[in-house]
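Before any comments, here is the structure.
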Amino acid sequence: VFFDNYGDHNKRDKESGQRYDILAFPPSSTGLQGYISVHTLELADAYVVENGGRIFLTDSRALTALPASEDMKWRETHNEVAGSVHEVSKPIAERQGPLWDVYRSLKDGQWPVDARSYTTEFRVRTNLLSLQIM
C-alpha cells in the first residue's frame with residue numbers, strides 16, 4: 001500500500017506495476033484498519049462478512065457506493081440462533097436467540113465481549129497467556 005503526497009491510497013500490482021486505488025475500511029473496535037483495492041471490489045461477485053454469517057451479493061442496479069444487497073435467504077437461516085437481522089439496533093439484553101444468551105452469560109462472567117454492529121457473531125477479547133485451565 002502506498003500513500004502519495006496528497007494522502008491518496010493506491011496499490012501496485014507486483015506483476016504489471018499498475019496502480020489501483022484502494023479504500024480504507026473504518027477502524028474496528030480494536031483500532032485495526034483494513035484496506036481493499038477498488039479493482040478487487042469490481043471483480044467480486046459477493047462479499048462475506050461476520051465469519052460467514054452475512055453475504056452481500058453484487059447488484060449492478062443498486063445506486064450506492066458499494067452496489068450490493070444482502071442475501072436475506074442466507075441470513076434468515078441464522079435467525080433461530082442469532083435472531084432477526086433487524087435486531088442489530090436493539091440492546092443486547094433484548095436480542096433473541098442462543099447466540100445472545102451466550103454473550104450475556106460471558107458478559108455477566110466479566111469476559112470482555114464486543115457485539116457492536118454485529119448480527120451473527122460477537123467477539124471475545126482475551127490474552128491467551130493469562131488464561132488458566134482448571
Worksheet item: According to a 4.5 Å side-chain heavy-atom criterion applied to Ile, Leu, Val, Met, Phe, Trp and Tyr, with indirect links allowed, do Leu99 and Val124 form part of one hydrophobic cluster?
Response: yes
Worksheet item: Roughly how far, to the nearest 0.5 Å, is the CD1 atom of Ile55 from the CH2 atom of Trp74?
Response: 5.5 Å
Practice prompt. Give the intermediate values and the outcome of side chain to side chain contact (heavy atoms under 4.5 Å, CB included) for residues Asp45 and Leu57.
Written response: CA-CA 6 Å; Asp45 293 325; Leu57 305 171; over 6 Å; no
Worksheet item: Less than 4.0 Å between a side-chain N and a carboxylate O, is that true for Lys73 and Asp71?
Response: no
Worksheet item: Just wondering, do Arg75 and Thr119 contact through their side chains at under 4.5 Å, heavy atoms?
Response: yes
Worksheet item: Taking everything shown except Glu80 itself, do over 12 heavy atoms lie less than 6.0 Å from its CD?
Response: no
Discussion item. Taking salt bridge (charged side-chain N to carboxylate O under 4.0 Å, His left out) as the definition, give me every residue that meets it alongside Glu50, ordered by chain and number, with sequence neighbours left out.
Written reply: Arg54
Worksheet item: Is there side-chain contact between Phe56 and Val48, with at least one heavy-atom pair below 4.5 Å?
Response: no
Practice prompt. Only pairs at least two apart or in different chains count here, so list each salt bridge (Lys or Arg N to Asp or Glu O under 4.0 Å) that has a residue in residues 91-102.
Written response: Asp101-Arg104
Worksheet entry | Asp108 side, atom CG; Tyr103 side, atom OH - distance, nearest 0.5 Å | 10.0 Å
Worksheet item: Thr120 and Gly53: which non-hydrogen atoms are nearest, and at how many Å?
Response: OG1-CA, 3.3 Å
Practice prompt. Can you label the angle between the Phe122 ring and the Trp100 ring as parallel, tilted or perpendicular, going by 30° and 60°?
Written response: tilted
Listing, residues 83-90 side-chain donor-acceptor contacts under 3.5 Å, not counting sequence neighbours, or none:
from  : atom 1 : to    : atom 2 : distance (Å)
Ser84 : OG     : His86 : N      : 3.0
Glu87 : OE1    : Gln96 : N      : 2.8

